[in-house]
Chemist: 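Below: one structure in structure tokens.
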Amino acid sequence: MIGLLRKIIPAPLLSAYHLVLAHAGAVVYRFPSRELVVVAVTGTKGKSTTVELVAELLRVSGKKTASASTIRFCIDGVCERNLYKMTMPGRFFLQRFLRRAVDAGCTHVVVEMTSEGALQHRHKGVELNALVFTNLQPEHLERHGGMEGYAAAKLSLAEHVANSPKRPRIIVANSDDKYGQKFLEIEADLKAPYSLADAEPYNTDDKNVRFVWRGELFTVPLPGVFNVYNCLAALTLGDALGLKKDDMKRALEHLPPIAGRQERVECGQPFAVVVDYAHTPDSLRALFEAYTSTTLSTGKNKRIIAVIGSTGGGRDTWNRPEKGKIAEQYCDVVYIANEDPYDEDPQQILTAIAKGFSIKTPHLTLDRRAAIAAALKEAREGDAILITGKGTDPYIMGPRGSKQVWSDAGVAGEELKKLGYN
């Protein structure tokens with residue numbers, strides 16, 4: 001339906017409609033962002049994890065906090081899953097959420113903001129105190145007309161900070177990313193870059209990252225160098241907000257598991273089962289490297305057995321063979337499974353991914369449960385089973401708006417029990 005509307009309604013008219021709707025929501029809910037310290041997080045990868053990290057820093061520092069992300073919506077510790085298949089739901093959702101946070105006595109809120117949300121002006125009417133930029137990698141290129149259009153949508157969120165009436169206006173940006181400097185060039189009262197060099201020395205295994213920040217050793221229960229970046233983003237923002245280092249260290253070192261982000265499924269099995277949202281070539285490479293460049297905590301030799309798929313039918317078709325190429329490079333066994341075909345032929349999607357293989361032969365199956373079950377049956381002691389692409393996505397999206405209720409972690413747990421683990 002959304003795609004059809006984009007085709008039949010002129011773009012300027014559709015943009016004006018979204019803009020009016022955004023401002024109307026702010027009016028209806030009495031501009032709740034004015035009563036909160038509002039932190040936005042944007043980028044390609046790491047947004048949801050960074051939202052969770054920042055929210056935890058604020059909570060442990062004694063701030064009554066709300067957060068909204070692809071994963072979930074939380075208000076002062078009361079959370080509900082995001083079942084919308086949208087990071088920033090429309091129809092006044094964000095303004096209503098902010099009003100609920102104010103009514104609950106929250107003082108701070110952390111909101112994940114996307115390029116699609118920016119195109120639809122869903123951030124308008126939300127007065128920001130700070131923006132965190134994680135990184136920019138090729139994604140949604142068809143929607144934005146290329147990489148520069150995608151970057152422009154993200155940068156519009158930084159411009160929104162520049163136009164905020166709040167003070168101080170804070171921009172935190174990854175200076176190792178080539179687009180980071182563009183964010184730091186936007187007007188703000190405090191510009192806070194962060195770099196992997198800020199965490200040296202650092203190391204990682206399959207369960208933790210360890211790094212030194214401001215002379216203090218941190219051990220955080222998240223694997224992969226990409227999570228060092230996520231921690232740095234959160235710490236740099238926390239420092240800009242005046243949070244105490246001891247509180248931030250305690251928050252990160254006792255971080256609860258993050259659903260769908262390197263989420264472990266534990267049923268007593270002698271191998272690792274991990275569910276992760278990784279769905280772009282860069283994020284898949286980063287996830288696979290987190291399990292190949294380290295030794296599993298079991299100390300056993302391991303194989304990587306991966307379940308991969310496509311971001312979604314009709315989107316980012318350019319990257320499908322690249323995903324296959326990366327999976328072949330890092331993984332010992334690969335299952336290419338149905339993910340979110342929408343109105344595209346799912347077999348065509350799987351075949352496009354398989355074209356990236358030149359030596360190994362992947363297993364192709366339209367039945368995602370069967371792919372997960374087969375990967376688990378294949379596993380030996382010490383292996384790592386990486387189920388990628390959906391994370392906490394609650395549905396498999398099919399043709400004509402159909403959807404199947406889904407949970408990668410739930411299905412993995414069910415299939416492990418069938419194998420006798422509990």
Side-chain angles (χ1 to χ4, degrees), residues 204-207 223-224 226 260-311 320-339 349-351 353-391 393 396 406-422:
T204 178
D205 59 28
D206 65 306
K207 291 186 177 179
F226 55 95
R261 303 305 188 270
Q262 299 87 55
E263 178 183 359
R264 293 259 177 165
V265 180
E266 301 286 1
C267 291
Q269 75 278 3
F271 46 84
V273 178
V274 179
V275 171
D276 191 77
Y277 187 52
H279 61 276
T280 67
D282 287 313
S283 61
L284 284 173
R285 181 182 289 107
L287 179 68
F288 297 153
E289 284 180 346
Y291 288 84
T292 55
S293 62
T294 62
T295 301
L296 281 174
S297 54
T298 58
K300 302 288 184 180
N301 293 329
K302 67 177 183 298
R303 298 176 300 161
I304 290 185
I305 301 171
V307 177
I308 67 172
S310 175
T311 306
R320 293 172 183 174
E322 184 66 15
K323 289 181 182 179
K325 181 179 179 180
I326 291 168
E328 181 180 54
Q329 177 184 353
Y330 288 97
C331 304
D332 299 279
V333 182
V334 180
Y335 293 85
I336 305 176
N338 195 24
E339 196 166 298
I349 298 174
L350 271 59
T351 300
I353 298 171
K355 287 180 179 178
F357 287 77
S358 59
I359 301 173
K360 300 173 184 175
T361 302
H363 304 276
L364 278 64
T365 174
L366 292 177
D367 186 333
R368 190 171 179 86
R369 178 182 284 273
I372 292 173
L376 296 174
K377 289 177 184 176
E378 174 79 25
R380 302 195 294 256
E381 184 176 359
D383 287 347
I385 316 303
L386 306 181
I387 304 170
T388 72
K390 295 193 69 64
D393 273 3
I396 292 176
W406 190 258
S407 166
D408 271 354
V411 168
E414 291 166 5
E415 294 301 322
L416 282 169
K417 289 178 182 177
K418 290 178 184 178
L419 294 174
Y421 300 111
N422 52 45

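This structure is a prediction, so every number in the text was calculated from the model and none was measured. These values consider heavy atoms only, across backbone and side chains, with no hydrogens, waters or symmetry-generated copies.
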Chemist: If you take all heavy atoms of Ala412 and Val273, which pair is closest and at what distance?
Modeler: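 So the minimum-distance heavy-atom pair works out to CB-CG1, 4.2 Å.
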
Chemist: Would you please name every residue forming a ring-ring contact (aromatic ring centres under 6.0 Å, His included) with Tyr421, sequence neighbours left out?
Modeler: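 In terms of ring-ring contact (aromatic ring centres under 6.0 Å, His included), with neighbours along the sequence ignored, Tyr421 is linked to Phe271.
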
Chemist: Any idea which heavy atoms bring Ala409 and Glu263 closest together, and the distance?
Modeler: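 Closest heavy-atom pair between Ala409 and Glu263: CB-OE2, 3.8 Å.
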
Chemist: Given the rule in the side-chain contact (heavy atoms from CB on, under 4.5 Å) test, do Asp206 and Arg264 qualify, once you have shown the distances and angles that lead to the verdict?
Modeler: CA-CA 11 Å; Asp206 65 306; Arg264 293 259 177 165; 2.6 Å; yes

Chemist: What are the two closest non-hydrogen atoms of Tyr291 and Ala384, and how far apart are they?
Modeler: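 Smallest heavy-atom distance, with atoms named: CD2-CB, 4.0 Å.
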
Chemist: With side chains defined as the heavy atoms from C-beta onward, is the minimum distance between Glu378 and Ile385 less than 4.5 Å?
Modeler: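 Result no, sub-4.5 Å side-chain heavy-atom pair not found.
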
Chemist: Determine the minimum heavy-atom distance between Leu284 and Ala278, stating which atoms define it.
Modeler: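 For Leu284 versus Ala278, the nearest heavy atoms are CD2-O, 3.7 Å.
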
Chemist: Go through the steps to decide whether Phe357 and Ile336 satisfy the test side-chain contact (heavy atoms from CB on, under 4.5 Å), and finish with yes or no.
Modeler: CA-CA 11 Å; Phe357 287 77; Ile336 305 176; 4.0 Å; yes

Chemist: Could you state the interatomic distance from CG (Leu419) to NZ (Lys377), rounded to the nearest 0.5 Å?
Modeler: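 Separation between the atoms: 6.5 Å.
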
Chemist: Identify each donor-acceptor pair in which a side-chain atom of residues 359-366 lies under 3.5 Å from a protein atom, sequence neighbours left out, and give them as a table.
Modeler:
| residue | atom | partner | partner atom | Å |
| --- | --- | --- | --- | --- |
| Lys360 | NZ | Glu328 | O | 3.0 |
| Lys360 | NZ | Cys331 | O | 2.5 |
| Thr365 | OG1 | Asp367 | N | 3.1 |
| Thr365 | OG1 | Asp367 | O | 3.4 |

Chemist: Under the side chain to side chain donor-acceptor pair (under 3.5 Å) rule, collect the residues that match up with Thr280, sequence neighbours excluded.
Modeler: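 So Thr280 forms a side chain to side chain donor-acceptor pair (under 3.5 Å) with Ser283.
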
Chemist: Working to the nearest 0.5 angstrom, can you tell me the gap between Ile353 CD1 and Arg320 CZ?
Modeler: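 The CZ atom of Arg320 is 7.0 Å from CD1 of Ile353, to the nearest 0.5 Å.
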
Chemist: Using modelled atom types only, decide if a donor and an acceptor are shared between the side chain of Asp332 and the backbone of Ile304 within a distance under 3.5 Å.
Modeler: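 Here the side-chain-to-backbone pair exists.
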
Chemist: Name the residue from Leu287, Asp393, Thr388 that meets the side-chain contact (heavy atoms from CB on, under 4.5 Å) definition with Tyr277.
Modeler: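 Result for side-chain contact (heavy atoms from CB on, under 4.5 Å) with Tyr277: Asp393.
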
Chemist: Locate the shortest heavy-atom distance separating Ala337 from Val307; write the atom from each residue and the value.
Modeler: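 Closest approach of Ala337 to Val307: CB-CG1, 4.0 Å.
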
Chemist: So which pairs with a foot in residues 407-422 pass salt bridge (Lys or Arg N to Asp or Glu O under 4.0 Å), sequence neighbours left out?
Modeler: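 Every salt bridge (Lys or Arg N to Asp or Glu O under 4.0 Å) pair that includes a residue of residues 407-422, provided the two are not neighbours, is Arg368-Asp408, Arg369-Glu414, Arg369-Glu415, Glu415-Lys418.
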
Chemist: List in chain and number order the residues that pass ring-ring contact (aromatic ring centres under 6.0 Å, His included) with Phe226, two or more places apart in sequence or in another chain; answer none if no residue qualifies.
Modeler: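 Partners of Phe226 by the ring-ring contact (aromatic ring centres under 6.0 Å, His included) criterion come out as none, since no residue qualifies.
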
Chemist: Can you tell me how far the CZ atom of Arg285 sits from the OH atom of Tyr330, to the nearest 0.5 Å?
Modeler: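 Here the rounded value is 5.5 Å.
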
Chemist: Where do Lys302 and Gly382 come nearest, in terms of heavy atoms and distance?
Modeler: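 Here Lys302 and Gly382 meet closest at CB-O, 2.7 Å.
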
Chemist: Quick one: NZ on Lys390 to NE2 on His279, what's the gap to the nearest 0.5 Å?
Modeler: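 Reported value, rounded in 0.5 Å steps: 10.5 Å.
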
Chemist: By side chain to side chain donor-acceptor pair (under 3.5 Å), which residues pair with Glu339, not counting sequence neighbours?
Modeler: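 Counting only residues at least two positions away or on another chain, Glu339 forms no side chain to side chain donor-acceptor pair (under 3.5 Å).
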
